[in-house]
Amino acid sequence: MLERIAASLLNDSLARAVGSGEIALSDHPEIVMERPKSEAHGDFATGICMTLARDARRPPRKLAELLIANIEDPEQILERAEVAGPGFINLTFRREAWFARLQEVRERGATFGQTNAGGNQRVLLEFVSANPTGPLHVGHGRGAVVGDVLGNVLAAAGFDVTREYYINDIGKQMRHLGASLYHRYRELLGIDEPYPPDCYQGDYILDIAKDFLARHGETLRDADYEGDEAAGKVFRDFIHRAIQDDIHDDLREFGIEFDNWFAESSLYDDELVYGLLDELERKGHIYTDEQTGARKFRTSGFGDDEDRVIIRDNGVPTYFASDVAYHANKFARGFDVLIDIWGADHHGYIPRMRAGLGALGHPQEAFEVLLIQFVNLVRDGVPVSMSTRKGTFVDLRKVREEVGKDAARLFFIMRRPDSQLDFDLELAKRASMDNPVYYVQYGHARICSILRKAEEAGYAVEDYHAEMCAALELPEELELTRKILAYPGLLESCALNREPHHIVFYLQDLVKTFHGYYTRHKHTAKIVSGDPSKRQARLLLVDCLRIVLRNALALLGVSAPERMYLNEAEEESAP
RNA sequence: GGGCGUGUAGCUCAGUUGGAUAGAGCGUCGGCCUCCGGAGCCGAAGGCCACAGGUUCGAAUCCUGUCACGCCUACCA
């Protein structure tokens with residue numbers, strides 16, 4: 001907010017200087033302010049004068065002086081406006097301008113941080129979408145958390161978000177899955193025959209087979225899985241349902257819910273795939289590959305490296321056909337932006353998907369893909385094998401149960417999605433500085449503890465009033481206030497850039513500033529001070545801090561405990 | 001071979017879209033508890049931003065090339 005005021009002060013000034021002929025420009029740029037790294041450079045700064053120097057035929061510092069001279073600030077909201085270095089303009093607001101905004105934080109409470117930067121654009125966020133052939137592994141977990149948090153961040157920034165999970169429930173893998181259950185079932189019935197190598201190997205198949213046996217007894221003992229379509233369907237439906245339910249529960253326990261579970265099979269039920277193929281035929285985008293007899297989609301005309309097979313030589317549409325039909329359907333449902341979260345190993349599919357959508361006349365830039373790099377599980381610095389002998393991955397559920405939901409979520413979201421993540425299980429469990437979960441949560445608990453203490457003494461948090469500004473005389477108090485008020489802008493940038501990981505860094509920095517403030521002054525400047533105006537001002541400040549911490553943690557899906565104790569003895573002695 | 005990604009402190013990683021003296025945590029070393037929660041705080045050391053060119057007022061950031069590592073390169077699902 002103050003950032004916008006700073007920008008408009010200078011934009012107005014520039015317009016005035018151009019209007020009066022003091023500055024001549026061929027192009028009239030919009031001045032955007034940035035937050036300087038160093039406090040010595042004021043609250044907001046711009047290097048616009050260096051950029052304008054050539055066009056205006058004036059030295060940057062001279063331009064800066066002219067701009068500053070033309071600033072109109074009748075309310076005297078500015079403390080300082082100065083030229084620095086090669087021609088930067090540094091603006092510093094009066095302390096009142098900052099502290100008075102704490103009232104806004106207090107009033108907005110849980111909605112503080114929300115903006116309408118997204119303009120209610122409708123976003124379809126598709127994530128996880130793991131094949132329903134087994135339990136989720138840690139790689140899925142990372143994608144799940146990134147997607148979930150990004151969804152929260154987008155929603156907070158004014159996007160209209162729908163979360164969707166795409167289920168690949170047709171094709172050869174479903175046949176293999178049913179066959180896997182069939183063979184494990186027969187094993188349980190004592191039939192001695194080899195387990196086919198192309199069936200799924202994991203132990204979970206056996207567990208499902210036991211449930212199947214309990215449900216159906218021996219009635220399907222001699223069913224012909226390959227030959228009897230109806231019997232085969234019983235096996236396929238059963239195992240598919242079991243695995244899908246498990247994934248659903250796993251995600252829900254991880255705090256992740258979807259608005260929609262979209263089945264690939266529904267694309268066929270609703271004739272969407274054949275509708276797509278007809279449309280592509282009509283538009284002349286499909287031709288027959290003379291060498292193989294397959295039908296190809298001319299994606300190379302829309303940025304893809306080569307054309308892609310869309311109907312196999314046996315007449316069955318490829319997976320790519322489903323995918324294009326599915327994404328075209330997303331647009332048909334009225335979404336403005338499609339964001340997919342994929343494993344990085346699928347990056348090669350981006351050009352063909354984008355080409356496919358482009359061929360249908362959809363804006364290609366409206367389709368975005370976030371790539372999630374692999375997770376390396378580590379235990380005390382030693383790599384944990386991601387795949388066991390049988391080729392299965394480490395289950396997400398096991399990791400979640402070992403380190404806890406909060407730590408797991410924070411670890412998955414704390415790195416840039418497209419860089420590999422080392423996930424140290426021992427580190428995630430440890431209650432130490434390595435583990436930002438504890439650090440941040442502890443900050444929140446500490447603040448709540450202070451507020452409780454104040455409340456017990458009969459002191460409530462009060463609205464902002466002018467005397468508070470004079471009372472907040474410590475440099476950390478202004479620093480904390482500035483950081484609190486930076487939160488909406490941070491969210492906006494996280495949303496627009498699709499980079500939710502910044503929230504974790506923000507939280508760590510904010511909490512660190514608070515811990516420093518608290519520890520340095522605990523003997524000399526208590527928050528619950530004997531001086532009424534200082535006490536009121538500081539209580540308002542830490543209450544705003546509490547609000548921001550709680551709001552940000554909520555976006556991450558990490559709990560914000562009001563009390564944390566080292567051990568049970570301490571807990572019992574606590575009030 | 002081609003494509004995508006990564007390369008920043010001993011380790012794990014940020015770096016606000018091209019800004020001022022490149023940051024954080026861990027680890028190492030040295031300090032701080034007459035407690036509103038020490039699960040905390042303060043300080044120090046630690047850098048040729050992989051390498052070489054280029055673009056410009058200005059580059060970790062953009063362009064080109066080289067090197068190293070990872071992934072992809074199906075009528076599979």
Side-chain angles (χ1 to χ4, degrees), chain A residues 34-38 40-41 45-47 49-51 53-54 59-60 84-88 90 131 133 168 170-174 176 264 289 292-296 305-306 308-314 316-320 322 343-351 371 373-374 378 381 414-416 418-422 424 427 430-436 438-439 441-443 445-454 456-457 486 489-490 493-494 496-497 499 501-502 504-505 508-509 511-512 514-520 522-523 526-529 535 538 542 563-566 570 574:
Chain A
E34 58 190 77
R35 283 166 195 275
K37 278 178 259 182
S38 164
H41 300 143
T46 176
C49 297
M50 275 92 85
T51 315
R54 175 176 301 230
F88 290 102
N90 296 336
N131 286 342
T133 56
N168 300 114
I170 58 173
K172 205 185 283 177
Q173 67 174 1
M174 290 311 294
H176 286 313
E264 183 182 7
D289 183 331
T292 62
R295 302 281 285 163
K296 281 191 162 181
D305 296 334
E306 51 182 290
R308 306 291 171 177
V309 172
I310 196 158
I311 305 175
R312 300 184 181 91
D313 56 5
N314 63 7
V316 178
T318 58
Y319 186 79
F320 179 51
S322 301
D345 53 337
H346 290 90
H347 74 263
Y349 291 89
I350 298 174
L371 295 176
Q373 277 290 356
F374 289 125
V378 173
M414 72 196 267
R415 301 268 184 259
R416 249 185 29 229
D418 62 350
S419 71
Q420 290 192 17
L421 168 68
D422 282 347
D424 193 316
L427 223 58
R430 211 172 296 152
S432 70
M433 263 303 293
D434 316 32
N435 194 340
Y438 287 94
Y439 187 70
Q441 287 182 325
Y442 176 61
R446 185 180 243 181
I447 289 166
C448 289
S449 174
I450 292 166
L451 289 169
R452 269 197 306 275
K453 184 156 185 102
E456 282 159 18
L490 168 89
S493 134
C494 285
L496 297 177
N497 298 312
E499 288 180 337
H501 67 283
H502 282 126
V504 180
F505 289 88
Q508 289 187 91
D509 180 59
V511 169
K512 179 186 165 65
F514 167 69
H515 282 314
Y517 165 62
Y518 171 88
T519 307
R520 260 193 301 278
K522 63 202 278 189
H523 300 311
K526 287 182 190 277
I527 290 161
V528 186
S529 164
R535 182 177 63 236
R538 289 174 186 156
V542 296
R563 26 166 71 93
M564 296 166 76
Y565 296 102
L566 263 173
E570 196 179 341

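Chain letters run A, B, ... following the sequence lines, proteins first, then strands; residues in each count from 1.
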For B:A77, take OP1 and OP2 only and decide whether either is under 4.0 Å from a side-chain N or O of A:K172. yes

Counting only side-chain nitrogens and oxygens, does A:H515 get under 4.0 Å of the OP1 or OP2 atom of B:G38? no

May I ask you to evaluate whether A:T51 reaches the phosphate of B:G58, defined as a side-chain N or O under 4.0 Å from OP1 or OP2? no

Could you tell me which residues satisfy side-chain hydrogen bond (donor to acceptor under 3.5 Å, both in side chains) with A:Y442, sequence neighbours excluded, listed by chain and number? A:R446

Report the nucleotide, chosen from B:U12, B:C76, B:G19, that has the shortest atom-to-atom distance to any side-chain atom of A:T318. B:C76

d(A:R295 CZ, A:I310 CD1) to nearest 0.5 Å is 10.5 Å

Among B:C41, B:C76, B:A14, which nucleotide sits nearest the side chain of A:K512? B:C41

List RNA chain B stems (3 or more consecutive Watson-Crick/G-U pairs, under 3.5 Å)? B:1-7 with B:67-73, B:10-13 with B:23-26, B:28-32 with B:40-44, B:50-54 with B:62-66

If we count only N and O atoms by modelled type, under 3.5 Å, do the side chains of A:T133 and A:Q173 hold a donor and an acceptor together? no

Which nucleotide wins on minimum distance to the side chain of A:Y439, given the candidates B:G15, B:G40, B:G37? B:G40

Round to a whole Å and report the spacing from OH of A:Y438 to P of B:C26. 16 Å

Taking the minimum atom-to-atom distance to the side chain of A:H501, which one of B:G19, B:G15, B:G37 wins? B:G15

For a quick test of reading the model: is some side-chain N or O of A:S449 closer than 4.0 Å to OP1 or OP2 of B:G37? yes

Base, sugar-phosphate alone, or nothing: which one does A:R54 contact when heavy atoms must sit under 4.0 Å apart? sugar-phosphate

Tell me whether the side-chain N/O atoms of A:K522 come closer than 4.0 Å to OP1 or OP2 in B:C41. no

At less than 3.5 Å, do the side-chain atoms of A:D509 and the base atoms of B:A14 form a donor-acceptor pair? no

Please enumerate all residues that pass ring-ring contact (aromatic ring centres under 6.0 Å, His included) together with A:Y518, with sequence neighbours excluded. none

A:R35 vs B:G19: side-chain N/O to OP1/OP2 distance below 4.0 Å: no

Looking at the side chain of A:R312, which of B:C76, B:G37, B:A14 is the nearest nucleotide? B:C76

If you check every side-chain atom of A:R452, which of B:G70, B:A39, B:G37 has the closest atom? B:G37

Ignoring the backbone of A:T519, work out which of B:C41, B:C71, B:U6 is nearest its side chain. B:C41

Taking only the side-chain heavy atoms of A:R520 (C-beta and beyond), determine which of B:G5, B:C75, B:C41 contains the nearest atom. B:C41

Would you measure the distance from the P atom in B:G15 across to the matching atom in B:C62 and give it in whole Å? 12 Å

